[in-house]
There are 2 protein chains.
Amino acid sequence: MQLVREPDAEAALAFLQTELAGLALRRGHLVQAVGECEVQYQGRARSMLTKGERLLVLKPDGTLLIHTAKGAKPVNWQPPGASFAVAVEAGRVVLSSHRAKPEEIVRVTFHSVRLLVAVPLTDGADLAVEGTEDDLQNLLRQRPHLVEPGFVPSLRERTSATGRYDLDGHDAKGRRLVVECKRATAGVADAQQLWRYVERLRRTEPTVRGVLVAPRVAEKARLLLAEHDLGWRELDWATALPQSQEVRRSGQASLGRFAQEEPQVSAPVLQPRAEAAVVRTA
Amino acid sequence: MQLVREPDAEAALAFLQTELAGLALRRGHLVQAVGECEVQYQGRARSMLTKGERLLVLKPDGTLLIHTAKGAKPVNWQPPGASFAVAVEAGRVVLSSHRAKPEEIVRVTFHSVRLLVAVPLTDGADLAVEGTEDDLQNLLRQRPHLVEPGFVPSLRERTSATGRYDLDGHDAKGRRLVVECKRATAGVADAQQLWRYVERLRRTEPTVRGVLVAPRVAEKARLLLAEHDLGWRELDWATALPQSQEVRRSGQASLGRFAQEEPQVSAPVLQPRAEAAVVRTA
DNA sequence: ACGTACATGTCGCTG
DNA sequence: CAGCGACGTGTACGT
């Protein structure tokens with residue numbers, strides 16, 4: 001781990017040159033810089049950020065992040081795959097990041113550097129998120145009655161030539177039934193996505209039905225669905241998440257995936273701290 | 001600026017407690033921690049990240065970011081507005097972050113801490129991005145022939161009761177013309193967005209036309225547009241960006257906004273560095 | 001607070 | 001490589 005406080009331009013240049021080279025070669029150091037800087041960006045769009053104190057993060061994969069004191073999104077950034085260059089121009093350290101496709105450049109000019117850090121960052125394991133749309137899909141495959149009584153989902157994969165819908169099958173009367181599901185509140189755009197699929201299918205098979213399944217369906221979305229003779233179903237599946245996880249594993253196993261490779265971790269229920277210990281920010 | 005290397009659990013606790021309190025009160029310190037940790041998340045979804053070396057960033061506004069060595073997106077995070085709490089449990093420093101709405105908790109358990117940093121971060125200025133969809137809209141307002149010859153945009157604001165479209169007006173033959181524009185390649189969803197607006201309007205005014213304007217329109221999007229009697233126009237407006245900026249300022253001025261408050265900065269053209277100086281990462 | 005649309009979205013997958 | 005869809009999307013804006 002390397003640490004430099006308040007380096008001058010030359011020292012900062014030397015540090016960054018060394019670290020960026022090492023970053024490219026050994027691939028495993030995360031480099032940070034805190035200091036007063038301007039940022040220019042040009043690529044898919046264009047921006048200019050005037051002087052201010054910010055945090056820069058450089059990752060071994062070429063990611064560049066520039067964070068201010070506010071917000072989850074970096075004020076400027078470069079996605080993975082970019083290359084770095086560092087130089088001193090007119091007495092100031094300039095770090096530039098270049099991405100080839102699409103052609104994008106981020107240029108950071110430091111007026112002063114407060115801190116430079118380089119630490120090896122070993123990545124633990126991949127993150128498995130539970131509660132995705134995929135989980136909802138598998139839940140509905142296992143418990144089709146949650147869509148509607150008598151629904152029988154087809155076994156074939158969701159991948160289809162034309163459009164691919166989340167789930168399809170047949171209802172109690174043998175009519176084709178297409179299901180679109182959303183992990184959160186469904187809006188107009190989601191309703192229209194279902195409409196698009198169904199509309200196409202109805203040309204050759206006019207009796208095709210469509211149902212939108214989500215924890216909540218917005219009013220406008222309902223209107224659109226009603227207008228086009230589509231249905232919806234509000235399903236609070238969050239309560240069934242632990243069960244859905246069971247479903248997910250067995251569901252994936254039945255799809256021929258490697259269930260034994262699934263990390264069998266399950267996050268315990270988290271509770272907010274007692275008031276006394278909490279530090280409020282907002 | 002505060003720096004602590006390799007603190008034990010007690011020292012880390014003391015540091016974080018002090019800094020988080022200061023963070024809440026004075027609002028201006030960015031706190032970082034690098035170390036081996038596990039992360040649990042529960043809220044809109046749920047996840048569990050096993051032990052590994054990561055970078056944590058805490059912002060004065062309650063933002064929490066947890067970054068691994070790869071990718072632009074944090075592996076776990078908390079958006080602005082969350083509150084923090086720190087404690088030692090079973091000899092390990094535990095940092096938890098709580099968000100009220102939606103109810104979300106991130107819990108970070110440190111097995112070891114390599115580095116703690118706290119720096120004041122003064123935010124410079126807001127970022128103005130050039131090349132947004134808004135810029136394209138204003139360009140088209142100024143040069144309506146880019147949509148099609150004879151197009152006369154209406155003056156009224158884009159805000160409409162039912163759906164709000166980017167631009168509307170009348171064509172050379174006096175027919176209502178609705179324009180949807182996209183800053184980048186337009187896909188099926190974008191075509192469908194236009195369709196949604198036009199379809200509603202056509203109920204009362206069957207002659208309404210619709211045009212999708214974008215630098216590129218995907219093949220499937222074109223098909224959908226054609227099927228519903230909608231048009232499209234591919235327009236490489238990136239080349240006209242500097243002009244569009246002129247347009248933007250005057251356009252906004254004419255809309256009654258405060259043009260003098262617009263930062264008149266304009267990003268110079270950036271060029272990639274010479275090969276020799278570049279450090280490749282990919 | 002909720003819904004809607006944009007984003008330098010990012011990311012993963014499929015053709 | 002392009003397109004398409006999901007995301008714990010985040011973020012701003014309008015109702």
Side-chain angles (χ1 to χ4, degrees), chain A residues 41-47 63-64 70-82 99 101-106 127 129-137 157-161 163-166 180-190 193 196 216-221 238, chain B residues 41-47 63 65 70-81 99 101-106 127 129-137 157-166 180-193 196-197 216-221 238 267:
Chain A
Y41 155 70
Q42 183 179 356
R44 285 166 293 178
R46 191 188 298 212
S47 74
T63 300
L64 165 66
K70 290 179 193 169
K73 269 185 61 180
V75 62
N76 280 112
W77 72 92
Q78 197 78 285
R99 185 191 187 190
K101 207 169 166 59
E103 178 89 11
E104 297 197 287
I105 294 172
V106 174
L127 181 68
V129 178
E130 308 172 355
T132 63
E133 182 179 308
D134 228 43
D135 294 323
L136 174 53
Q137 251 180 68
E157 284 286 332
R158 49 189 294 227
T159 51
S160 156
R164 65 180 204 268
Y165 10 88
D166 293 341
E180 173 67 32
C181 40
K182 288 294 154 192
R183 65 170 306 283
T185 302
V188 190
D190 301 313
Q193 187 182 352
R196 182 167 85 237
R216 244 179 61 77
V217 178
E219 184 57 30
K220 291 228 186 152
Chain B
Y41 154 72
Q42 184 179 353
R44 286 168 291 179
R46 192 187 297 212
S47 75
T63 301
L65 305 171
K70 292 178 193 169
K73 273 183 58 180
V75 61
N76 277 113
W77 72 95
Q78 198 76 286
R99 185 191 187 190
K101 208 169 165 63
E103 177 89 11
E104 296 197 288
I105 295 172
V106 174
L127 182 66
V129 178
E130 307 173 355
T132 62
E133 182 178 307
D134 227 42
D135 293 323
L136 174 53
Q137 250 181 68
E157 283 287 331
R158 49 190 293 226
T159 51
S160 156
T162 130
R164 64 181 203 268
Y165 10 90
D166 293 341
E180 173 66 33
C181 38
K182 286 294 153 192
R183 66 171 305 284
T185 303
V188 190
D190 302 312
Q192 204 156 20
Q193 188 182 352
R196 188 165 74 234
Y197 297 148
R216 242 178 65 75
V217 177
E219 184 58 29
K220 290 226 185 156

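The shown structure was predicted, so the numbers you read here are calculated from the model rather than taken from an experiment.
Between Ala189(A) and Arg196(B) the shortest heavy-atom distance is CA-NH1, 4.0 Å. Minimum heavy-atom separation, Gly71(A) to Pro80(B): CA-CG, 3.9 Å. Taking each heavy atom of Val106(A) and Trp77(A) in turn, the nearest pair found is CG2-O, 3.5 Å. Of all the heavy atoms in Ala72(A) and Thr63(B), the pair that sits closest is CA-CG2, 3.7 Å.
Rounded to whole Å, atom C1' of dA5(C) lies 11 Å from atom CD of Gln137(B). One interatomic measurement links the two molecules: CG of Asp134(B) to C1' of dA7(C), which rounds to 13 Å at whole-angstrom precision. Between the CG atom of Asp166(A) and the C1' atom of dG5(D) there is a distance of 9 Å, rounded to whole Å. Between the CD atom of Glu133(A) and the P atom of dT9(D) there is a distance of 11 Å, rounded to whole Å. The nearest whole Å value for the distance from the NZ atom in Lys73(B) to the C1' atom in dC7(D) is 5 Å. Per the geometry, OH belonging to Tyr41(B) stands 8 Å off P belonging to dG8(D), to the nearest Å. As rounded to whole Å, 9 Å separates atom P of dG9(C) from atom CZ of Arg99(A). One can place CD of Glu219(A) at 10 Å from P of dT4(C), the figure rounded to the nearest angstrom.
Residue Gln193(A) has a polar side-chain atom (N or O) positioned under 4.0 Å from OP1 or OP2 of dA6(D). Residue Trp77(B) places none of its side-chain N or O atoms closer than 4.0 Å to OP1 or OP2 of dT9(D). Dashed line: the shortest gap from a side-chain N or O of Lys182(A) to OP1 or OP2 of dA6(D) is under 4.0 Å. Side-chain N/O atoms of Arg44(B) include one lying less than 4.0 angstrom from OP1 or OP2 on dG10(D).
For the pair Leu127(A) and Pro80(B), nearest-nucleotide mapping onto DNA chain D gives the more 5' position to Leu127(A). Each of Val217(A) and Asn76(A) was matched to the nucleotide of DNA chain C holding its nearest heavy atom; the match closer to the 5' end belongs to Val217(A). Take the nearest nucleotide of DNA chain C for Arg196(B) and for Gly43(A): the residue whose nucleotide is more 5' is Arg196(B). Comparing Ala218(B) and Val75(B), the nucleotide of DNA chain D nearest to each residue sits closer to the 5' end for Ala218(B).
Out of dC11(C), dC7(D), dA1(C), the shortest distance to the side chain of Thr132(A) is found at dC7(D).
Nucleotides dT8(C) and dT4(C) have their P atoms positioned 23 Å apart, rounded to a whole Å. Atom P of dC4(D) sits at a distance of 22 Å from the matching atom of dG8(D), rounded to the whole Å. Here, dT11(D) and dC11(C) have their P atoms 16 Å apart, quoted to the whole Å.
Looking at heavy-atom distances under 4.0 Å, Pro79(B) makes contact with a base.
In this structure, Gln192(B) CD and Glu180(B) CD are separated by 12.5 Å, a value rounded to the nearest 0.5 Å. Considering CZ of Arg183(A) and OG1 of Thr132(A), their distance stands at 7.5 Å, rounded to 0.5 Å.
Pairs of Watson-Crick or G-U wobble type, with distances under 3.5 Å, assemble into runs of 3 or more in DNA chain D at these ranges: C:1-7 with D:9-15, C:9-15 with D:1-7.
The backbone N or O of Pro79(B) sits nowhere less than 3.5 Å from a side-chain atom of Glu104(B) that would complete a donor-acceptor pair.
Put simply, the side chain of Gln78(B) and the base of dG8(D) share a donor and an acceptor less than 3.5 Å apart.
A side chain to side chain contact (heavy atoms under 4.5 Å, CB included) with Cys181(A) is found for exactly one of Asp135(A), Asp134(A), Asp190(A), Leu136(A), namely Leu136(A).
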